[in-house]
Amino acid sequence: MVDPQVAQEIEETLLADRLKYTRAQVEELAGMPPEKARRIWQTLGFPAPDEDEVAFTESDVRALVEIERLVADGLVDSDGMLQLVRAVGQTMGRLASWVVDVWLPSAAAALPEDVELSPETVSAVLGLTEELRPRFEWLLLHGWRRQLAAAGLRVTAASGDASGDPAMGVARLAVGFADIVSFTSLSRRMEGSALAEFVERFEAVTAETVADLGGRIVKTLGDEAFFVAPDPRAVAEIGISLAERHNTDPNFPIVRVGLAYGEVVLRLGDVFGTPVNLAARLTAAAHRGTILIDSALAAELPPTYETTPLRPRHLQGLGRTRPHRLRPHP
């Protein structure tokens, strides 16, 4: 159990602000009904503290005020604001955990060996945090602006495509999954740190490959990566590169790949639709180190790509589908 005084010091240092308001006080200062404020805290991923618990800062008041202003000015409606709040909570929660996982070993290395947790130790670690936080906050804002610019360009490009309507969250995209073969048995043979390093390398190399070849990572799920690209050839190149990677890089896992093309729904950074389901089923049906694609993607690829039609397969929820095998370039 962490000493309450130490816990408060940690929280105030990381928040860069002093805890001085109860939930009731924050709601009153922001002019927000308690039910609405409680829903926002929960949507962010936090339980609402008791009304008399001092757990909030001046920045929390400003956050609620800005949320009210955005809705009042008509920049976003109430439902849209909750969706954005949820996106912030989920994205920042994962990012915070990621940063701590990367930063903590460095902070521990800077401390004397065999040191025990104490207020002095915590203060030393927090001192290091004071150096990290402002630099990372700048990097975070810059990264967000870069990603926003890239998203804006994707929407602009898609707007010129008569087959989709990005304003309605609909577009034609090539989608794909890369899945580590026999991940369950591999994970049972690895220690925790080795498994974490193994998964981290898979995610890092996959992300670099997808970006270099003109695609975008939608999400990773430990042993699987989901990626998209507007150009079917880009997704084909990504699939080929990932499927072949183990041949030249034994530290990269053997993967199987499924690709598809068609109209998808874009929603809060995620991608849904029949092509996504089809690509996932094709991945599950593919053999180790191979690539299965749907007939729609095969029709979009030029003759320089070698595709072989296979017997129709019954894929759960998708009926009889005729997949094609995509072979690497000779």
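Note that the numbering runs from 1 along the sequence shown for the chain. Values in this document were obtained by computation on a predicted structure and should not be read as measured data.
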Can you list the steps and then say if Phe183 with Leu195 is a side-chain contact (heavy atoms from CB on, under 4.5 Å)?
CA-CA 10 Å; Phe183 179 74; Leu195 178 60; 4.1 Å; yes
Shortest non-hydrogen contact from Ala279 toward Val175:
CB-CG2, 3.9 Å
Minimum heavy-atom separation for Ile217 to Ala207, with atom names?
CG1-CA, 3.9 Å
Is any side-chain heavy atom of Pro230 less than 4.5 Å from a side-chain heavy atom of Leu173?
yes
Heavy atoms, side chains only, cut-off 4.5 Å: are Val218 and Phe177 in contact?
no
Would you name the heavy atoms of Glu12 and Leu19 that are closest together and state the gap between them?
OE2-N, 3.0 Å
Look only at the side chain of Asp60 and the backbone of Thr57, and say whether a donor-acceptor pair between them is shorter than 3.5 Å.
yes
For the residue pair Leu259 and Leu282, establish whether any side-chain heavy-atom pair is separated by less than 4.5 Å.
no
Would you say that Met92 contacts Leu140 through its side chain, given a criterion of any heavy-atom pair below 4.5 Å between the two side chains?
yes
Is Leu75 reachable from Val88 through a run of hydrophobic residues whose side-chain heavy atoms are each under 4.5 Å from the next?
yes
Grouping I, L, V, M, F, W and Y whenever their side-chain heavy atoms are under 4.5 Å apart, do Val181 and Ile291 come out in a common cluster?
no
How far apart are the closest heavy atoms of Gly80 and Asp77, and which atoms are they?
N-OD1, 2.6 Å
Less than 4.0 angstrom from a charged side-chain N to a carboxylate O is my criterion; do Asp249 and Arg245 meet it?
yes
Within 6.0 angstrom of Glu28 CD, more than 12 heavy atoms from elsewhere:
no
Test side-chain contact (heavy atoms from CB on, under 4.5 Å) applied to Glu68 and Leu64, step by step
CA-CA 6 Å; Glu68 290 283 66; Leu64 293 184; 5.7 Å; no
Can you confirm whether Tyr261 sits close enough to Leu301 that some side-chain heavy atom of one is under 4.5 Å from a side-chain heavy atom of the other?
no
For Leu221, does its backbone N or O pair with a side-chain atom of Glu224 as donor and acceptor, under 3.5 Å?
no
Please evaluate residues Val271 and Val265 with respect to the criterion side-chain contact (heavy atoms from CB on, under 4.5 Å), reporting the C-alpha separation (whole Å), side-chain torsions for both, the decisive distance (0.1 Å), and the verdict.
CA-CA 6 Å; Val271 181; Val265 177; over 6 Å; no
When you compare the side chain of Thr91 with that of Trp144, does any pair of heavy atoms fall below 4.5 Å?
no
Any sub-3.5 Å donor-acceptor pair from Thr22's side-chain atoms to Asp52's backbone N or O?
no
Within the supplied structure, the quantity of interest is the number of heavy atoms (other residues, nucleotides, ligands) at a distance under 6.0 Å from Arg201 CZ; does it exceed 12?
yes
Any donor-acceptor pair under 3.5 Å linking the side chain of Ser187 with the backbone of Thr184?
yes
Could you state whether Val54 and Tyr21 fall into the same hydrophobic cluster, counting links through intermediate Ile, Leu, Val, Met, Phe, Trp or Tyr residues with side-chain heavy atoms under 4.5 angstrom apart?
no
Transitively linked via ILVMFWY side-chain contacts under 4.5 Å: Ile254 with Phe202?
no
Could you give the distance from CD (Gln42) to CG (Leu82), rounded to the nearest 0.5 Å?
11.0 Å
Verify side-chain contact (heavy atoms from CB on, under 4.5 Å) between Glu263 and Val170, making sure each step is shown before the conclusion.
CA-CA 7 Å; Glu263 187 175 273; Val170 177; 3.3 Å; yes
Does a side-chain heavy-atom distance below 4.5 Å link Asn277 with Phe272?
no
Is the CZ atom of Arg38 crowded by more than 12 outside heavy atoms at less than 6.0 Å?
yes
Thinking salt bridges, do Lys20 and Glu58 make one under a 4.0 Å N-O criterion?
yes
Taking all atoms of both residues into account, what is the closest heavy-atom pair of Gly222 and Ile180, and its distance?
O-CD1, 4.3 Å
After noting the C-alpha distance and the side-chain angles of Glu237 and Tyr305, does the key distance pass the side chain to side chain donor-acceptor pair (under 3.5 Å) rule?
CA-CA 10 Å; Glu237 290 295 334; Tyr305 290 87; 2.6 Å; yes
Are the charged groups of Arg39 and Glu35 less than 4.0 angstrom apart, N to O?
no
Could you state the interatomic distance from CD1 (Ile293) to CG (Leu310), rounded to the nearest 0.5 Å?
9.5 Å
From Phe252 CZ over to Thr206 OG1, what is the distance, rounded to the nearest 0.5 angstrom?
4.0 Å
Do the side chains of Asp179 and Asp223 get nearer than 4.5 Å, heavy atoms only?
yes
Interatomic distance, OG1@Thr290 vs CZ@Arg256, rounded to 0.5 Å, equals 8.5 Å
Can Leu141 be reached from Leu15 by stepping across I, L, V, M, F, W or Y side chains whose heavy atoms are under 4.5 Å apart?
no
Looking at every non-hydrogen atom in both residues, tell me the closest pair between Pro323 and Arg311 and how far apart they are.
CD-O, 3.6 Å
Please round to the nearest 0.5 Å and tell me the distance separating atom NZ of Lys219 and atom CZ of Arg94.
11.0 Å
CG (Leu278) and CZ (Arg281) are apart, to the nearest 0.5 Å, by 10.0 Å
So does Glu197 have more than 12 non-hydrogen atoms from other groups sitting under 6.0 Å from CD?
no
